[in-house]
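Here the structure is a predicted model, which is why all the values come from computation and not from measurement. Chain letters run A, B, ... following the sequence lines, proteins first, then strands; residues in each count from 1.
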Number of protein chains: 2
Amino acid sequence: MTVTLADVAARAQVSPATVSRVLNGNYPVAAATRERVLKAVDELDYVLNGPASALAAATSDLVGILVNDIADPFFGIMAGAVQSEIGGPGGRAGGERLAVVCNTGGAPERELTYLTLLQRQRAAAVVLTGGAIEDAAHQAAMAAKLRRLAEAGTRVVLCGRPPAPETGAVALTFDNRGGGRELTEHLIGLGHRRLGYIAGPQERTTTRHRLEGHRAALAAHGVGEDPRWTVHGRYDRQSGYEATLELLRRDPSLTAVVAANDSVALGACAALRDSGRRIPDDVSVAGFDDLPFSIDVVPALTTVRLPLAEAGARAGRIAMGREEAPAGGIATVRGELMVRGSCGRPRGV
Amino acid sequence: MTVTLADVAARAQVSPATVSRVLNGNYPVAAATRERVLKAVDELDYVLNGPASALAAATSDLVGILVNDIADPFFGIMAGAVQSEIGGPGGRAGGERLAVVCNTGGAPERELTYLTLLQRQRAAAVVLTGGAIEDAAHQAAMAAKLRRLAEAGTRVVLCGRPPAPETGAVALTFDNRGGGRELTEHLIGLGHRRLGYIAGPQERTTTRHRLEGHRAALAAHGVGEDPRWTVHGRYDRQSGYEATLELLRRDPSLTAVVAANDSVALGACAALRDSGRRIPDDVSVAGFDDLPFSIDVVPALTTVRLPLAEAGARAGRIAMGREEAPAGGIATVRGELMVRGSCGRPRGV
DNA sequence: AGCCGTACAGCAAGCGCTTTCTATGTATAA
DNA sequence: TTATACATAGAAAGCGCTTGCTGTACGGCT
């Protein structure tokens, strides 16, 4: 029914072993034989059986990419960059690998389940993107899983994630703290003294680091802080909208709102506008990430650009062993402050 | 070294067959035995070998999702929805399936290569999203490939794609023509008579259908058309920016610009603004898709909402055989006109 | 001429799992 | 009590491929 290696071998009048070697190309096969085999492959429309070959060779050409939300360009951009480097169709590398993009939705248990699934498939490499979840039990479980994957020969790369010590995983970490600090310093420099902060979900490293950067800036410049000025929410637009209304309710005199990311900032802008405030005349807004749309909203968003595509590409190359891992297995990727129209001087300054 | 089924069997004092049956759960196994096996699995930290099991069972739990651009939310939203329905971790369905999101970049050859890769993995199902490429040779090759996949038992679903006759593929097609027509009729109703159109890449069905809808509206209402008023480009923001400048150069008197999608519309807005025009006072702008950000730009984008998440979810269910395919294997998914601030009456009307 | 190195090609043993068929013990019916 | 069905577990035959090892033929060497 389905064509197998043996069928090709029969047709080409060679042994299955030879066909296999022609297809894998790492063994001397006479040119004439090779041609004959290739011709048979073509005529029979033969397609290798992936599972069988993975079983026999004890390796697979699957590469897993874990993302929190595939509908969010933040992850899409990284995933796309990883994929372009792992040598899938169209990638620069040679072999044909299949990128498996796994959508965890930010749920700890899904993260683990996907890792198990990838382990089951004997994935060649796994790239984890996005912030980690700060739960001791979960982190321990993740560390154990990553260690086991590494032991089984799967290369593990963390992209935009804090390092996972003693797991053998390479980490390209975003400098969220530094970026957050720089951003808030910019606002302080403009004269803002009453800054609201819309943070992401509580238990995320990304959330915490960005917030810490924000606070470090405030502290460094002697700017006061009020617990009412910080609200936590999700990393999406709607959450930004709601959080901003909440912030405004708590303290209508805020002159700036710093958002956990650009999507949240978008929601903040909408809420501000709906409540009759102008940006940046009445309230300044800042985002984080510099996603493609951020330059197009009006006014354009002041934000911190993270080199998502570059980091993803690098993660992909490291995962494929085509680039050396950074010293110590850890590299910090810095963001860049993008000053645009959404932040201005507060009234009367 | 690595733990195998046999190890578990030995530890649980049963045969490998029994372990397999416990793990797959479709054969009567005494409760006591099952417990013993499960305990051994746990103690040994056993992870099934995916390739081996796929080989033996001649099926796999991989589901492929082909997208043009994973960094584009248009695809991300659909892919996420498909994934949530195929029963991967966190999905509603039971079994644990791995969704493989493949980024074709819109390149014909990559589309085919990925399909081959998926065929090689003996994927359980494949969902193809996005417009098809209108090249006879490529379409024939695709049709052949899809037919072969279907023959091998892989369920094939097209989501937001025109039907592929005689391939056994189920198609959920977006009514791009109807949406395009409705959108332009709205503009005509507002009084516009000089409408620029920024189309997508030439060889895409999506591009052609949307443009046809636009033209049908013009024709139906006796509104003239000038070849200079149509420009082709890519489906991204930058392309929209450039195309708009080109449109303006060709005819500065245009009162409206209809874009192939929302990202393009965003670029158009930026170009219009940079050239000193106000939206919608001087020029109206319309998009297509209604991506999440479209409501947040200022003014909010008038566009056609496509139920991406719903369509993706349905495609996922059909791919899993959890929902019946539509009659004839084809269903048309309609868009909905979203009237917002970016379109107004032209000056003097 | 005889020997050996080299270049290919084939044999056959798995890889780790699923599944059919068979065996065994137990419960039910006659 | 014996015959029969049922529930459960095991034996074993692959699934389709890779790869270490074993030929075999040929050319160059001494």
Just wondering, do [Y] and [X] contact through their side chains at under 4.5 Å, heavy atoms?
X         : Y         : result
Asn103(B) : Val101(A) : no
Met142(A) : Ile133(A) : no
Leu98(B)  : Ser60(B)  : no
Val100(A) : Leu117(A) : no

Can you list everything that forms a salt bridge (Lys or Arg N to Asp or Glu O under 4.0 Å) with [X]? Sequence neighbours excluded, please.
X         : result
Arg36(A)  : none
Arg204(B) : none
Asp42(B)  : none
Glu323(B) : Arg314(B), Arg317(B)

> Which angle, to the nearest 10 degrees, lies between the helix axes at the two ends of the helix from dA1(C)-dT30(D) to dA30(C)-dT1(D), each defined by five pairs?
Replying inline: 50°
> Which residue pairs satisfy the salt bridge (charged side-chain N to carboxylate O under 4.0 Å, His left out) criterion with at least one member in residues 123-141 of chain A, sequence neighbours excluded?
Replying inline: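 Found Glu134(A)-Arg208(A).
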> Which pairs count as salt bridge (charged side-chain N to carboxylate O under 4.0 Å, His left out) when at least one residue sits in residues 152-164 of chain B, sequence neighbours excluded?
Replying inline: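 For residues 152-164 of chain B, and leaving out neighbouring residues, the salt bridge (charged side-chain N to carboxylate O under 4.0 Å, His left out) pairs sorted by first residue read Glu111(B)-Arg161(B).
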> For the side-chain contact (heavy atoms from CB on, under 4.5 Å) test, which of Leu66(A), Val63(A), Thr113(A), Ile65(A) pairs with Leu118(A)?
Replying inline: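 Among Leu66(A), Val63(A), Thr113(A), Ile65(A), the one that satisfies the side-chain contact (heavy atoms from CB on, under 4.5 Å) with Leu118(A) is Leu66(A).
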Pull out every protein N or O sitting under 3.5 Å from an N or O of nucleotides 4-7 of chain C, one pair per line with the distance.
none

> Of all of residues 30-40 of chain B, which get a heavy atom below 4.0 angstrom from DNA chain D, listed by number?
Replying inline: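 Hits under 4.0 Å, by residue number: Ala30(B), Thr33(B).
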>> For residues 46-55 of chain A, which residue pairs pass the side chain to side chain donor-acceptor pair (under 3.5 Å) check, not counting sequence neighbours?
In response: none
>> Rounded to whole Å, how long is the line connecting atom CD of Gln13(B) with atom P of dA9(D)?
In response: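 In whole Å, dA9(D) P and Gln13(B) CD are 14 Å from each other.
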>> Rounding to an integer number of Å, can you tell me how far Leu55(B) CG sits from dG16(C) P?
In response: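 One finds 12 Å between P of dG16(C) and CG of Leu55(B), rounded.
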Less than 3.5 Å apart, which donor and acceptor atoms pair up between the side chains of residues 4-23 of chain A and the rest of the protein, not counting sequence neighbours?
residue  : atom : partner  : partner atom : Å
Thr4(A)  : OG1  : Ala6(A)  : N            : 3.2
Asp7(A)  : OD2  : Thr4(A)  : N            : 2.8
Arg11(A) : NE   : Glu43(A) : OE1          : 2.7
Arg11(A) : NH2  : Glu43(A) : OE1          : 2.9
Ser15(A) : OG   : Ala17(A) : N            : 3.4
Ser15(A) : OG   : Thr18(A) : N            : 3.4
Ser15(A) : OG   : Thr18(A) : OG1          : 3.2
Ser20(A) : OG   : Asn24(A) : ND2          : 3.3

>> Protein within reach of the bases, or only the backbone? For nucleotides 17-28 of chain D, mark each nucleotide 5' to 3' as B, S or -, using heavy atoms under 4.0 Å.
In response: BBBBB-------
